[in-house]
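One structure below.
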Amino acid sequence: MAGREGRRRLSPRQSSFRTIALLTLIPVAALLGILLWSFFAQTVRLPAPAPRSRPARPVVRTLPAPPPVRGRIVLILDDVGFDHQPLSSAMAIDQDINFSVLPNAPHASEYARTLHDHGFEVLCHLPMEPEQYPRVSPGAGAVLTSMSDAQIARTTLALVRAVPYARGVNNHMGSRATADRRVMESVLRALPNGMYFIDSRTTGMSVAAAVAREMSVRTATRNVFLDDVETDAAVRLQLRQLAREAEEQGMAIGIGHMYPATIRVLQADIPLLRREGFHFTRASEAVR
């Protein structure tokens with residue numbers, strides 16, 4: 001007890017002074033803290049936070065744009081239906097090549113079915129009378145100018161029916177017949193509904209396309225023969241002429257045959273023409 005009572009006690013006045021001093025020091029200490037923090041922040045720069053990583057975007061590889069279309073080419077191979085023709089090689093050239101089957105050829109029906117089964121467009125290569133007839137013959141059962149209208153109609157229909165799946169017709173020979181308006185009217189009138197006629201234009205005197213337009217039969221006219229001369233060089237020259245006409249006119253029709261030189265040149269040059277921007281087209285897309 002004596003120890004406790006012996007301790008010094010503060011008077012009320014001294015206690016109040018001490019409290020006021022403590023309250024005065026608090027804002028002073030706070031102000032000093034703010035000044036010290038400002039000095040520290042300006043003197044020592046903290047490293048900036050690392051940017052948040054974004055997920056990598058997938059790399060999209062774009063294919064080069066195809067060349068613009070320079071022209072459309074309709075290519076028809078005539079006289080299909082004989083022994084030893086390179087049919088498989090011709091079918092491998094381009095899916096849009098057209099094949100015109102000669103109805104009086106020994107394998108006409110067989111080849112027409114094969115072509116259709118592989119997705120190709122088939123035409124009937126209608127044999128018609130040439131200027132040099134009978135010295136030059138279009139084959140058995142041809143349309144002749146000496147026939148009556150009824151005979152022409154029956155003959156035309158029989159020839160067309162001999163080529164299964166034929167969607168159109170183009171003339172085989174026919175330089176005399178296609179120049180005869182009466183004959184052409186009879187031929188075109190006999191065609192099944194919806195069948196088109198392409199004028200092979202074996203003579204400059206042909207009226208076939210003009211009569212077809214008058215009768216509302218869809219039609220077109222051949223621009224270039226590829227293989228009147230059966231050499232690689234000659235066929236290649238004609239193929240380039242066909243491409244030039246397609247570029248100038250938008251669409252051009254070329255007619256060739258199942259000759260070895262023709263098939264060789266087409267195998268080599270059609271891929272080049274496609275890369276240059278030429279498109280190969282079915283005959284049914286060229287007629288109007």
Side-chain angles (χ1 to χ4, degrees), residues 69 71-79 96-103 121-131 133 138 142-161 163 165-226 241-256 279-288:
V69 178
R72 299 186 183 277
I73 295 173
V74 177
L75 188 57
I76 302 172
L77 293 179
D78 278 353
D79 293 351
D96 288 321
I97 286 181
N98 306 268
F99 293 85
S100 193
V101 178
L102 200 61
E121 186 156 316
V122 177
L123 291 82
C124 171
H125 197 30
L126 191 71
M128 303 179 77
E129 182 180 335
E131 285 290 350
Y133 182 80
V143 172
L144 304 175
T145 58
S146 58
M147 292 177 172
S148 67
D149 292 351
Q151 288 174 319
I152 292 172
R154 286 196 299 270
T155 300
T156 298
L157 196 55
L159 290 167
V160 168
R161 286 175 174 170
V163 181
Y165 305 109
R167 296 191 59 187
V169 168
N170 73 318
N171 52 292
H172 169 63
M173 299 189 180
S175 53
R176 180 174 293 163
T178 58
D180 189 313
R181 173 173 286 272
R182 179 192 69 87
V183 172
M184 284 311 307
E185 287 176 351
S186 298
V187 167
L188 293 167
R189 195 174 293 115
L191 294 182
N193 188 41
M195 187 168 278
Y196 58 81
F197 186 93
I198 291 183
D199 185 2
S200 300
R201 198 161 179 78
T202 53
T203 174
M205 302 299 292
S206 175
V207 297
V211 174
R213 282 190 289 270
E214 291 171 10
M215 297 177 66
S216 299
V217 175
R218 291 182 302 150
T219 190
T221 301
R222 183 269 313 162
N223 296 85
V224 175
F225 274 125
L226 296 181
Q241 175 62 30
L242 178 62
R244 282 193 294 273
E245 295 200 21
E247 187 169 17
E248 292 169 2
Q249 302 176 25
M251 178 93 70
I253 299 175
I255 292 179
H279 287 199
F280 288 81
T281 303
R282 304 212 164 188
S284 55
E285 297 177 22
V287 292
R288 297 289 183 270

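Keep in mind that what you see is a predicted model, and the values were worked out from it rather than measured.
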Original post:
Got a second to check how far Asp78's CG is from Ser100's OG, nearest 0.5 Å?
Top reply: 5.0 Å

Original post:
Which is it for Ile198 and Ile76 under the side chain to side chain contact (heavy atoms under 4.5 Å, CB included) test, yes or no, and what are the steps along the way?
Top reply: CA-CA 10 Å; Ile198 291 183; Ile76 302 172; 3.9 Å; yes

Original post:
Any sub-3.5 Å donor-acceptor pair from Gln249's side-chain atoms to Ala246's backbone N or O?
Top reply: no

Original post:
Any sub-3.5 Å donor-acceptor pair from Arg201's side-chain atoms to Val224's backbone N or O?
Top reply: no

Original post:
To the nearest 0.5 Å, how far apart are CG in Asn171 and CE in Met173?
Top reply: 11.0 Å

Original post:
For the residue pair Thr155 and Ala142, what are the closest heavy atoms and their distance?
Top reply: CG2-O, 3.9 Å

**OP:** Could you tell me the separation between the CD1 atom of Ile253 and the CD1 atom of Ile255, rounded to the nearest 0.5 Å?
**Re:** 7.5 Å

Subject >> Sub-4.5 Å side-chain heavy-atom contact between Ile152 and Arg189 >> reply: no

**OP:** For residues Val160 and Pro192, determine if any side-chain heavy atom of one lies less than 4.5 Å from a side-chain heavy atom of the other.
**Re:** yes

**OP:** Would you name the heavy atoms of Cys124 and Pro103 that are closest together and state the gap between them?
**Re:** SG-CG, 3.9 Å

**OP:** Check the surroundings of atom CE in Met215: do more than 12 heavy atoms from other residues, nucleotides or ligands lie under 6.0 Å from it?
**Re:** yes

Original post:
Between Asn170 and Ser200, do the side chains contain an N or O donor and an N or O acceptor separated by less than 3.5 Å?
Top reply: yes

**OP:** Report yes or no: do Asp79 and His125 form a side-chain donor-acceptor pair below 3.5 Å?
**Re:** yes

**OP:** Would you please say whether a donor-acceptor pair under 3.5 Å links the side chains of Ser284 and Glu121?
**Re:** yes

**OP:** Starting from the C-alpha separation in whole Å, work towards a yes-or-no answer on side chain to side chain contact (heavy atoms under 4.5 Å, CB included) for Leu123 and Val101.
**Re:** CA-CA 6 Å; Leu123 291 82; Val101 178; over 6 Å; no

Original post:
Does Asn98 reach the main-chain N or O of Ala283 with its side chain, forming a donor-acceptor pair under 3.5 Å?
Top reply: yes

Original post:
What are the two closest heavy atoms between Leu242 and Ala252, and how far apart are they?
Top reply: CD1-CB, 3.7 Å

Subject >> Min side-chain heavy-atom separation Val74-Arg282 under 4.5 Å >> reply: no

Subject >> Over all atoms of both residues, closest heavy-atom pair of Ala286 and Ala220 >> reply: O-CB, 3.9 Å

**OP:** Evaluate the side chain to side chain contact (heavy atoms under 4.5 Å, CB included) criterion for residues Leu188 and Val211: first the C-alpha distance (whole Å), next the side-chain angles of each, then the deciding distance (0.1 Å), finally the verdict.
**Re:** CA-CA 8 Å; Leu188 293 167; Val211 174; 3.7 Å; yes

Subject >> Glu129 side, atom CD; Met147 side, atom CE - distance, nearest 0.5 Å >> reply: 9.0 Å

Original post:
For the residue pair Gly256 and Leu226, what are the closest heavy atoms and their distance?
Top reply: CA-CB, 4.3 Å

Subject >> Arg154 and Gln151 side chains, donor-acceptor separation under 3.5 Å >> reply: no

Original post:
Can you tell me how far CG of Asn223 sits from CD of Glu248, rounded to the nearest 0.5 angstrom?
Top reply: 10.5 Å

**OP:** Decide if atom CZ of Arg161 counts as having more than 12 heavy atoms of other residues, nucleotides or ligands within a radius under 6.0 Å.
**Re:** no

Original post:
Is the backbone N or O of Thr178 less than 3.5 Å from a side-chain atom of Arg181, with the two atoms forming a donor-acceptor pair by type?
Top reply: no

**OP:** May I ask you to decide if Phe197's main-chain N or O and Thr219's side chain share a donor-acceptor pair within less than 3.5 Å?
**Re:** yes

Original post:
Centre of Phe225's six-membered ring, under 6.0 Å away, within 45 degrees of the axis: is that where NZ or CZ of Arg222 sits?
Top reply: yes

Subject >> Any donor-acceptor N/O pair, Ser175 side chain to Thr203 backbone, under 3.5 Å >> reply: no

**OP:** Report the C-alpha separation of Ile73 and Met251 in whole Å, then their side-chain angles, then the decisive distance to 0.1 Å, and conclude whether the side chain to side chain contact (heavy atoms under 4.5 Å, CB included) test is met.
**Re:** CA-CA 6 Å; Ile73 295 173; Met251 178 93 70; over 6 Å; no

Original post:
How long is the span from the CE atom in Met128 to the NE2 atom in His172, to the nearest 0.5 Å?
Top reply: 11.5 Å

**OP:** For the residue pair Ser206 and Asp199, confirm or rule out a side-chain donor-acceptor distance under 3.5 Å.
**Re:** yes

Original post:
Can a donor-acceptor pair be found between the side chains of Thr281 and Asp96 at a distance below 3.5 Å?
Top reply: no

Subject >> Arg176 atom CZ, neighbour heavy-atom count above 12 within 6.0 Å >> reply: yes

